[in-house]
There are 2 protein chains.
Amino acid sequence: MADTDEGDPLALDNQLCFALYTASRALTGFYREILTDLGLTYPQYLVMLVLWERGTLPVKELGLSLSLDTGTLSPLLRRMEGAGLVTRTRGPEDERIVHVGVTEEGERLRERAEEIPHRVLCATDLPPEGVKDLRVLLDRLTRSVTGTEREPNHTDPGPGTRPGPKGG
Amino acid sequence: MADTDEGDPLALDNQLCFALYTASRALTGFYREILTDLGLTYPQYLVMLVLWERGTLPVKELGLSLSLDTGTLSPLLRRMEGAGLVTRTRGPEDERIVHVGVTEEGERLRERAEEIPHRVLCATDLPPEGVKDLRVLLDRLTRSVTGTEREPNHTDPGPGTRPGPKGG
DNA sequence: CGCAATAGTATTGTGTCCAACTTATTTTTT
DNA sequence: AAAAAATAAGTTGGACACAATACTATTGCG
């Protein structure tokens with residue numbers, strides 16, 4: 001046994017984080033090949049997904065949907081506007097808010113994007129349950145490490161999780 | 001039922017990619033809080049994991065272990081060298097190769113890092129089986145989308161058949 | 001020697017987080 | 001109501017990471 005360092009907690013192969021990190025980059029890379037045809041990057045594609053689904057939104061809302069900072073979205077949306085995919089217009093009511101909407105060109109892109117999920121799903125040789133399980137586990141992981149934890153009904157294992165990581 | 005757009009293949013909530021993307025960023029963010037104390041970023045931590053485990057390595061080997069480009073590692077290692085964590089020395093035999101090793105300070109850091117996996121594991125409210133399942137599924141996903149797909153000891157598909165990740 | 005392959009670096013474009021800043025709105029205070 | 005303070009939405013810039021490309025230097029081969 002132990003052809004790898006099963007006992008070493010620092011062994012790379014034992015790290016869930018590394019598997020997640022690698023898988024994320026691998027999948028993003030796979031999308032990159034597909035999305036190049038559409039002139040989109042991966043996060044830009046995610047932005048389009050949200051806009052296609054929910055229509056015109058403030059930058060803030062977009063950020064909440066994608067868990068992305070407005071500081072991340074600002075230049076990204078500027079590039080997408082430059083590419084003619086989205087519009088950015090200051091709201092007449094509240095001039096702080098920038099409403100992001102899909103242009104006609106962006107709308108046309110939707111049809112070409114329809115096939116992408118299927119293509120990706122085929123590329124992953126995971127069975128449907130595997131995909132579902134994976135999503136469930138990932139969502140749970142995300143919730144737990146973001147402090148969005150719902151504490152379902154079991155006793156809190158330890159109050160050491162103070163929300164002030166910077167403080168000390 | 002379909003209280004959400006279960007049928008819409010472009011719906012964000014149906015995208016495995018988004019769950020993966022979000023989980024990866026969330027976990028990296030969680031590590032960021034922990035690693036700040038050690039003066040490491042997340043990919044730098046991964047580099048240290050490899051070096052702690054395998055000792056001095058050429059940049060190329062490091063890149064293979066982490067699936068990272070040397071173009072990514074170069075500046076990263078330069079910063080780590082500046083921080084006094086690693087050494088970079090051109091091989092006397094082959095002057096093209098830069099051997100990366102851990103300094104004493106980097107070695108001392110290892111002790112402080114020992115507790116990290118446990119801390120992270122506790123933060124994720126996943127059961128041990130969930131963690132294992134997740135890793136298996138992620139690895140499988142990675143293999144499938146990187147073309148590293150498949151059997152190490154099945155019938156050899158023959159030379160020249162594998163297009164490689166770059167495509168051809 | 002000439003030439004291809006290899007290892008690493010430099011550069012550019014994009015993305016991500018963070019913090020500082022601007023502008024606009026809301027709330028509080030006078 | 002006017003001034004001041006607090007809050008909110010975006011933008012900007014810095015630091016780091018990642019990928020892709022071009023480039024340099026070294027090695028190996030004929």
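Model, not experiment: these values are computed from the prediction. Lettering of chains follows the sequences in order, A, B, ..., and the numbering in each one begins at 1.
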Colleague: Could you say whether A:Thr72 or A:Pro92 is positioned toward the 5' end of DNA chain C, judged by the nucleotide with the nearest heavy atom to each?
Modeller: A:Thr72
Colleague: OP1 or OP2 of C:dT16 less than 4.0 angstrom from a side-chain nitrogen or oxygen of B:Tyr21, does that happen here?
Modeller: yes
Colleague: Send over the distance from A:Arg78 CZ to D:dG13 C1', rounded to a whole Å.
Modeller: 12 Å
Colleague: Before accepting this row, confirm whether a basic side-chain N of the pair A:Lys132/A:Glu129 lies closer than 4.0 Å to the acidic partner's carboxylate O.
Modeller: no
Colleague: Let me know the distance between CG of B:Leu76 and P of C:dG8, rounded to the nearest Å.
Modeller: 14 Å
Colleague: Only pairs at least two apart or in different chains count here, so list each side-chain hydrogen bond (donor to acceptor under 3.5 Å, both in side chains) that has a residue in residues 77-97 of chain A.
Modeller: A:Glu81-A:Arg88, A:Asp94-A:Arg96
Colleague: Has A:Arg25 got its NZ or CZ under 6.0 Å from the middle of the six-membered ring of A:Tyr21, at an angle within 45 degrees of the ring axis?
Modeller: yes
Colleague: If a protein heavy atom is under 4.0 Å from the base, mark B; if only from the sugar-phosphate, S; if neither, -; do that for nucleotides 5-11 of chain D going 5' to 3'.
Modeller: ---BSSB
Colleague: Nearest whole angstrom, please: distance from the C1' of C:dG8 to the CG of B:Leu57.
Modeller: 16 Å
Colleague: Grab the CZ-C1' distance between A:Arg79 and C:dT12 for me, whole Å please.
Modeller: 12 Å
Colleague: Keeping the roles fixed (side chain from A:Thr72, backbone from A:Leu68), state whether a donor-acceptor pair exists under 3.5 Å.
Modeller: no
Colleague: Just N and O in the side chain of B:Thr41: are any of them under 4.0 Å from OP1 or OP2 of D:dA17?
Modeller: yes
Colleague: How many whole angstroms separate atom CZ of A:Arg32 from atom C1' of D:dA19?
Modeller: 6 Å
Colleague: I need the CG-P distance between A:Leu40 and C:dT14, as an integer number of Å.
Modeller: 13 Å
Colleague: With sequence neighbours excluded, tell me which residues meet side chain to side chain contact (heavy atoms under 4.5 Å, CB included) with B:Glu115.
Modeller: B:Arg119
Colleague: Ignoring backbone atoms, establish whether B:Tyr45 has a side-chain N or O less than 4.0 Å from OP1 or OP2 of D:dC16.
Modeller: no
Colleague: Backbone N or O of A:Asp37 within a donor-acceptor pair of the A:Arg112 side chain at under 3.5 Å?
Modeller: yes
Colleague: Tell me whether the rings of B:Tyr45 and B:Tyr31 are parallel (<30°), tilted (30 to 60°) or perpendicular (>60°).
Modeller: tilted
Colleague: Would you kindly give the CG-to-P distance between A:Leu35 and D:dA20, to the nearest whole Å?
Modeller: 13 Å
Colleague: Could you give the CD-to-P distance, from B:Glu33 to C:dC18, as a whole number of Å?
Modeller: 9 Å
